[in-house]
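Report on the structure given below.
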Number of protein chains: 2
Amino acid sequence: MLKLSKKSEYALMAARYMAIKNHGNAVTAKEIADNYKISFELVSKVLQNLAKNKIAISFQGVKGGYTLKKNPFEISLIELIQAVEPDYQITDCLRSESPKNECSYSDCCKIRDPLAEVQRKIDKVFYETKLAHII
Amino acid sequence: MLKLSKKSEYALMAARYMAIKNHGNAVTAKEIADNYKISFELVSKVLQNLAKNKIAISFQGVKGGYTLKKNPFEISLIELIQAVEPDYQITDCLRSESPKNECSYSDCCKIRDPLAEVQRKIDKVFYETKLAHII
DNA sequence: ATAAATAAGACTATTATAGTCGGGTATAAA
DNA sequence: TTTATACCCGACTATAATAGTCTTATTTAT
């Protein structure tokens with residue numbers, strides 16, 4: 001209930017780790033998983049999502065891994081979260097694929113527009129908080 | 001994922017309904033359930049929670065029902081949400097029953113304090129948005 | 001008395017999240 | 001050119017959280 005998913009947490013943790021450990025080599029999924037003792041497969045997926053969303057760059061093969069594409073002051077939490085959770089809206093009827101004015105309740109619940117405003121403010125918080133701020 | 005629960009939605013909807021329909025009598029759970037075509041039992045529970053949390057007053061017996069205790073400008077969304085979702089924190093380690101510095105990750109994920117700041121900002125949004133604003 | 005309403009807790013069903021597994025591709029280095 | 005390491009990706013399963021139902025008790029106006 002209004003909680004970040006593990007995927008989002010892992011995205012923040014992984015991004016933070018990459019921001020800090022910028023020793024020459026790229027950081028591997030295994031390194032992050034071992035460091036925090038979390039599922040390697042999940043972290044891998046998260047990192048793949050970060051790469052797909054141009055937040056990280058991936059290098060394949062031996063000596064491969066990931067590095068951040070931008071500097072930590074230019075990466076906002078909303079980017080990291082949306083990379084792993086494309087729809088993170090506080091209510092279904094605000095989701096992107098939801099047709100305008102769709103409301104599952106009879107005669108409409110009428111609170112959609114005010115909630116959209118709340119959503120904008122929450123987005124703003126996650127936009128203005130940068131990776132650099134969680135380091 | 002960062003989504004309001006149905007309970008929270010119902011709390012907002014029910015509170016809004018009470019704020020608008022203040023015809024002499026109290027509003028019944030049945031009336032609200034019928035109006036939005038949502039589960040009577042669930043709305044009942046939500047209304048009971050609002051009463052327990054001093055947001056609404058309940059009247060038992062025939063002609064019973066609920067009315068709001070305060071005016072809609074004095075009821076914030078955070079009150080309504082917390083009435084039905086006592087712990088609505090964005091991450092487990094920020095929850096009230098969580099001992100300070102508890103972190104499920106090896107060597108700690110280190111993002112707890114910055115996230116607490118994010119949480120405060122989100123709380124502020126829900127505190128500053130009043131029932132009157134969603135009418 | 002009766003009917004309409006809240007109160008409360010146990011129970012079940014459904015859905016979302018978290019986590020696993022298997023097969024594939026790319027590449028540095030021996 | 002073989003091998004080991006690491007990314008890529010989709011399907012699958014298990015678990016947990018949410019949503020919804022059922023039952024019984026209590027209150028109270030008529």
Side-chain angles (χ1 to χ4, degrees), chain A residues 1-11 13-14 18 24-34 36-53 55-67 81 83-92 95 104-105, chain B residues 1-11 13-14 18 24-34 36-53 55-67 81 83-92 95 104-105:
Chain A
M1 153 58 206
L2 220 57
K3 213 177 65 180
L4 289 171
S5 61
K6 290 276 177 199
K7 265 157 81 177
S8 298
E9 284 186 18
Y10 292 173
M13 289 158 65
M18 286 189 279
N25 311 337
V27 170
T28 68
K30 187 168 187 315
E31 183 178 345
I32 296 175
D34 287 350
Y36 295 116
K37 301 260 190 303
I38 55 182
S39 156
F40 162 73
E41 289 94 341
L42 272 188
V43 175
S44 295
K45 277 189 198 166
V46 164
L47 287 162
Q48 284 163 32
N49 284 329
L50 296 186
K52 263 191 209 157
N53 287 274
I55 297 166
I57 307 171
S58 73
F59 301 95
Q60 288 201 327
V62 176
K63 296 258 175 188
Y66 298 88
T67 57
I81 293 170
V84 294
E85 301 280 358
D87 271 308
Y88 87 115
Q89 308 297 93
I90 57 173
T91 185
D92 284 335
R95 295 171 73 138
S104 54
Y105 305 115
Chain B
M1 152 59 207
L2 220 56
K3 213 177 64 181
L4 289 171
S5 62
K6 290 276 178 201
K7 266 157 79 175
S8 299
E9 284 186 18
Y10 292 173
M13 289 158 65
M18 287 188 279
N25 311 336
V27 170
T28 67
K30 186 168 188 315
E31 184 178 346
I32 296 174
D34 287 351
Y36 295 116
K37 301 260 191 303
I38 55 182
S39 156
F40 163 74
E41 289 92 342
L42 271 187
V43 174
S44 295
K45 276 189 201 167
V46 164
L47 286 162
Q48 283 165 31
N49 284 329
L50 296 186
K52 264 190 210 158
N53 287 274
I55 297 165
I57 307 170
S58 74
F59 300 96
Q60 289 201 326
V62 177
K63 295 260 176 184
Y66 299 87
T67 58
I81 293 170
V84 294
E85 300 280 359
D87 271 308
Y88 86 117
Q89 308 297 90
I90 57 173
T91 185
D92 284 334
R95 296 172 72 140
S104 53
Y105 305 115

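Values in this document were obtained by computation on a predicted structure and should not be read as measured data. The sequence lines fix the lettering, A, B, ..., with proteins before strands; numbering per chain opens at 1.
- Two residues, A/V62 and A/S8, neighbour DNA chain C, and the one matched to the more 5' nucleotide by heavy-atom proximity is A/S8.
- The distance between atom CZ of B/F40 and atom C1' of C/dA7, rounded to the nearest whole Å, is 11 Å.
- Rounding to the nearest 0.5 Å places OG of B/S58 at 11.0 Å from NZ of B/K52.
- Counting 5' to 3', DNA chain D first comes under 4.0 angstrom of a heavy atom of chain B and last does so at the ends given by D/dA19 to D/dA29.
- With rounding to the nearest 0.5 Å, the separation of CG in B/L4 from OG1 in A/T91 is 6.5 Å.
- Computed from coordinates, the A/L4 CG to C/dT17 P distance equals 12 Å when rounded to whole Å.
- One interatomic measurement links the two molecules: CD of B/E41 to C1' of C/dT6, which rounds to 13 Å at whole-angstrom precision.
- Contact annotation: B/Y66 side-chain N/O to C/dA7 OP1/OP2 distance is under 4.0 Å.
- Between B/L47 atom CG and C/dA8 atom P there is a gap of 13 Å when expressed in whole angstrom units.
- In this structure, B/K30 places its NZ atom 11 Å from P of C/dT6, rounding to the nearest Å.
- Summarising the geometry, the separation between CG on B/N53 and C1' on C/dA7 is reported as 15 Å, rounded to the nearest angstrom.
- Annotation: of the two residues near DNA chain D, A/M1 and A/V27, the 5′-most nearest-nucleotide partner is A/V27.
- Within 4.0 Å of B/A51, counting heavy atoms only, lies no atom of the nucleic acid at all.
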### Query
Run the side chain to side chain contact (heavy atoms under 4.5 Å, CB included) check on A/L47 and A/M18 step by step: do they pass?
CA-CA 11 Å; A/L47 287 162; A/M18 286 189 279; 3.7 Å; yes

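- Put simply, OG on A/S5 and NZ on A/K3 are 9.5 Å apart, with the number rounded to the nearest 0.5 Å.
- The nearest whole Å value for the distance from the NZ atom in A/K7 to the C1' atom in C/dA16 is 11 Å.
- Distances shown here put a side-chain N or O of A/S39 below 4.0 Å from the OP1 or OP2 atom of C/dT20.
- Rounded to the nearest 0.5 angstrom, B/L2 CG and A/M1 CE are separated by 9.0 Å.
- Between B/Q48 and A/K45, the residue whose closest nucleotide on DNA chain C is further toward the 5' end is B/Q48.
- The CG atom of B/D92 sits 9.0 Å away from atom CG of B/D87, with the distance rounded to the nearest 0.5 Å.
- Across the protein-nucleic acid pair, B/K52 atom NZ and C/dA8 atom C1' stand 7 Å apart, rounded to whole Å.
- Once rounded to the nearest 0.5 Å, the distance linking CG of B/L42 with OH of B/Y10 reads 6.0 Å.
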